[in-house]
Structures are given as structure tokens and as C-alpha cells.
Protein chains: 2
Amino acid sequence: MSKEHRRSQLQSDLKRHPFLTDEELSERFGVSIQTIRLDRSVLGIPDVRERTRILAERNYASVRAIGHAEIVGELLELELGRSGTSLLNTDDSMAFSKTQLVRSHFIFAQADSLALAVIDSDHAVTGLSNAKFKRPVTAGERLLARAEVIRSRDEDESVVLVETTAGGHKVFRGKFVVAQKAAVEDLRAPV
Amino acid sequence: MSKEHRRSQLQSDLKRHPFLTDEELSERFGVSIQTIRLDRSVLGIPDVRERTRILAERNYASVRAIGHAEIVGELLELELGRSGTSLLNTDDSMAFSKTQLVRSHFIFAQADSLALAVIDSDHAVTGLSNAKFKRPVTAGERLLARAEVIRSRDEDESVVLVETTAGGHKVFRGKFVVAQKAAVEDLRAPV
DNA sequence: TGCGTGTTTAATACTAACTATTAGTATGTG
DNA sequence: CACATACTAATAGTTAGTATTAAACACGCA
């Protein structure tokens, strides 16, 4: 196996298995640890601990941002059953790397979770939505979403209108039909 | 500050700032490193490197799912400009903890990113969407999304229809109007 | 006053997974 | 053969620890 081949292999192996130590790599390629270290230094690849740290740090924030939070964005005000406002600071991790334009599903996620927060039923789910992305959002812009309940048919269906602005300009407008309680049971997956 | 107080403080501090070393902690609490180590061992808290590793590993998979990947879900097949299929394995982290129902914006995200993947322009953004969530999805279900380009007006606007199923049942149907190239320039944020 | 107990600190030896540097071997090519 | 390229070895130093033993210190109280 040539040096070039080993190095490109090393690079792709580490992409798939970033937690491999130099020792494990040296066994994998049948060369000495020193050679692996030389390869890494030439390729500009940091050591395991650094790689692990980077992975952990990079993921720490973004997972909190959309992975686990009950609401995407920060809830600024809330009048249950009537209206609410939330703020989302966009960053690089939410955008396409090439264009720096925020992926629309983050904008949607903020609006959707705000709509559900305004309704506040343990069993509310989005049934229908109409969304218009009026202009692209660039990473770094602060998104202010304002939700208003515009119709509430009895207890099991509400219509929420969400408008999102960035620096005063409208970027998104969506209508969410949210189903609650009993209605959810009907919709639930057939067992 | 009592020992008990310090220990509970330590525990919550490390939850918020998991990357603190024993040395930094000893400064923060004004006690020796040894004391911090004693505290950690009593509380069963592993060292920084271990904590970092756990964070990195835990998030490695899930972040790829929605944080950074260019596409949410796994791309199964793709015929550029025509159609595509993607698969998303849902889990607890995508659902409301109380009901185990997957948040709709994950379903939307899969569909949205698939729609964009099918168009494949470096400068494509979603301009409009119409989404219907036909029935709730429970964490654990596998979502198969199928996208089809149904209209392509010249070079700068396409309409993509996405239908998502789980175990053969339709769960989502959405229409995405995707703007490309020059069209994006017009939409772009006013400087 | 002294004794014990709990809490904290110090000291020492050891570990993994490195970096950085210098030197040495092996192999092939002009 | 000489020389370069690639590889390996050896050594010292680093970080962030573990594990263990021992010493200092405060308090409570008989």
C-alpha cells in the first residue's frame, strides 16, 4: 500500500470512525505509530482527544437547539389559547454551508413549535399547515415569530397563524391547523 | 459553603458546562483539585475526557440526523430533477416525551430536504409549502418519503410533491415550491 | 485539655494519548 | 555508489487524569 493511498484511506477512515487512536490506526495499516503521527500532521488532522472534543462541542449546542427542546427558539411571551412570540438566533449550523442560507425547516420548526405552545395541550399535534417562505434568511439573523389563534372550533381543533420577521422584514407566514385531545386518538396510528 | 452544597452545585454546573476540568472546578469552588476529585468519585461523575467522549458519541448519530446533514434522513434513491426517496428512523429525541408522538417539524424537515435534494441546485430554497400531516407518527416508526417533481417552470421554479408513509400508511403529504438560481437573488435579504 | 471524627489537602507513583525533536534504518533510483 | 524518500526508534515533555497513603485542620464534647 502506497503512502498516498494510506493517507487518503486514513482520512476517510477517520471521517467514519473519528474515535480511533493512533495505536489502533497503526495496527489497522500495519505501520508504526510514528508513521501515523507523521501522516496526521501532514494531513492536518488533530489527535483523538481533540477530534472527540470538536465533535462533542459542535453537537452540544445544535442538539439542544433542535434535537431536544420542547420549543425551537426562545419563548418571549405567551397568552395561552390566544397568542405568543418566540425568538430564534440562527447560526451556521442551521444553514447550507455554500450559501449560508438557513434551511427552511428550521424556520418551519420555530413556527410549528410556537403554534403548539400557544395551544398547549399535552396531546396537540399539527394536522395541516400552509407555509410561505417569503425571502431567504441568512445565518446570523434573528427570527421573531408571532403566533395568533384565529379560529378555535370547539375543543379539538384550532387554527394558528404564525408570522416570522427578521429585522422588520417578513420572512415567513404559515397557517397551522392543530388537532387536540380526542381528535388525536382518531388520527393515531392503527395498531 | 458546605460540602453538600458544593457537591450539588458541582453536579448542576457540570450539566451546564460539561467541559470543565478538575483544575477549573477547583478554582471555581476555591478548594483543591483533590477535593474536586473526591467529590466526583463520590458522585460517580467521570473525568472530562470521558464526559466529552460520551457527549460526542451520543450526539454523533442524532446530529447527523437533523443538525448538520445536508439531508434529513437517508437518501435511498435519487433521479435528479425527477424523483427521490429517503428513509428516516424516528426516535425518542424527535418526539414529545409525554406522548411519544414525533414532532411534525421532523417529518417536514425530511420532506423539505428531500425536495431540495431532488432539485439539487446550490442555490435552491423553499419558497412555498403546503403540508398535511395525515396521522401522528410514534417514535420508532420508519418514515419513507417519496418525492416527485410535478412541474418545472423554466429554470428557476419547480414544484415537488412529497408523500411520506410509515408501515404502508400515509402520514404526510406536502407540496413544495422550490426557487432556484436567479430567483433566489430577487428573494435575498435586502442589504 | 485531649481524643476522635469528618473534611480537606499534600505527596507520590502510575496511566493514556499524545507533541516535538533527533537520529537511525531500509529501499529504490539516477 | 550516493542520495533521497519513507519509515521507525528513542527520548523528553505535556495534560488530565487514577489510586493510594498520609498529614493537617476544625469541631464537638467528655
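So you know, we letter chains A, B, ... as the sequences are listed, proteins then strands, and number each from 1. Quick caveat: nothing in here was measured; it's all calculated off a predicted structure.
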Length of the CD1-P vector between Ile33(B) and dA11(C), whole Å: 13 Å
note: Phe19(A), atom CZ; dC18(C), atom P; distance rounded to Å ~ 13 Å
To the nearest angstrom, how far is Glu24(A) atom CD from dA16(C) atom C1'? 12 Å
Applying the side chain to side chain donor-acceptor pair (under 3.5 Å) test to Gln100(B), which of Asp92(B), Thr90(B), Thr138(B) qualifies? Asp92(B)
Contact class for Leu38(B) vs. all strands (heavy atom < 4.0 Å): base, sugar-phosphate, or nothing? base
Distance, rounded to the nearest Å, where Phe29(B) contributes CZ and dT9(C) contributes P: 13 Å
Using a 4.0 Å heavy-atom cut-off, does Arg51(B) contact any base of the nucleic acid, only the sugar-phosphate backbone, or nothing at all? nothing
I'd like to know if the side chain of Thr21(B) reaches the main chain of Glu24(B), judged simply by a donor and an acceptor atom lying under 3.5 Å from each other, with no hydrogens or angles considered. yes
Can you name the one residue among Glu148(B), Arg146(B), Glu79(B) that meets side chain to side chain donor-acceptor pair (under 3.5 Å) with Thr85(B)? Arg146(B)
Assert: residue with more 5' nearest nucleotide on DNA chain C, out of Gln34(A) and Glu23(A), is Glu23(A)
Could you give the CD1-to-P distance, from Ile36(A) to dA17(C), as a whole number of Å? 15 Å
Starting at atom NZ of Lys3(A), determine the distance to atom C1' of dC7(D), rounded to an integer number of angstrom. 10 Å
Write down the protein N/O and nucleotide N/O pairs, taken from nucleotides 24-26 of chain C, whose separation is under 3.5 Å; answer none if there are no such pairs.
none

Just compare dT9(C), dT18(D), dT19(C) and give me whichever is closest to any side-chain atom of Asp22(A). dT19(C)
NZ/NE/NH1/NH2 to OD/OE distance under 4.0 Å, Arg7(B) and Glu4(B): no
Nearest-Å distance, CG (Asp39(A)) to P (dC7(D))? 7 Å
Between the side chain of Arg151(A) and the main-chain N/O of Val159(A), is any donor-acceptor distance below 3.5 Å? no
Grab the CZ-C1' distance between Arg37(B) and dT7(C) for me, whole Å please. 18 Å
Between dA6(D) and Arg6(A), is there an OP1 or OP2 to side-chain N/O distance shorter than 4.0 Å? no
With no hydrogens and no angle check, is any side-chain donor or acceptor of Ser86(B) less than 3.5 Å from a backbone partner on Ala145(B)? no
Out of dT9(C), dC7(D), dA16(C), which has the shortest distance to the side chain of Arg49(A)? dA16(C)
Closest to the Asp47(A) side chain: dT19(C), dA9(D), dT9(C)? dT19(C)
Taking the inter-plane angle between the rings of Phe176(B) and Phe108(B) on a 0 to 90° scale, is it parallel (under 30°), tilted (30 to 60°) or perpendicular (over 60°)? tilted
Would you kindly compare Leu20(A) and Arg7(B) by the position of their nearest DNA chain C nucleotide and give the one closer to the 5′ end? Arg7(B)
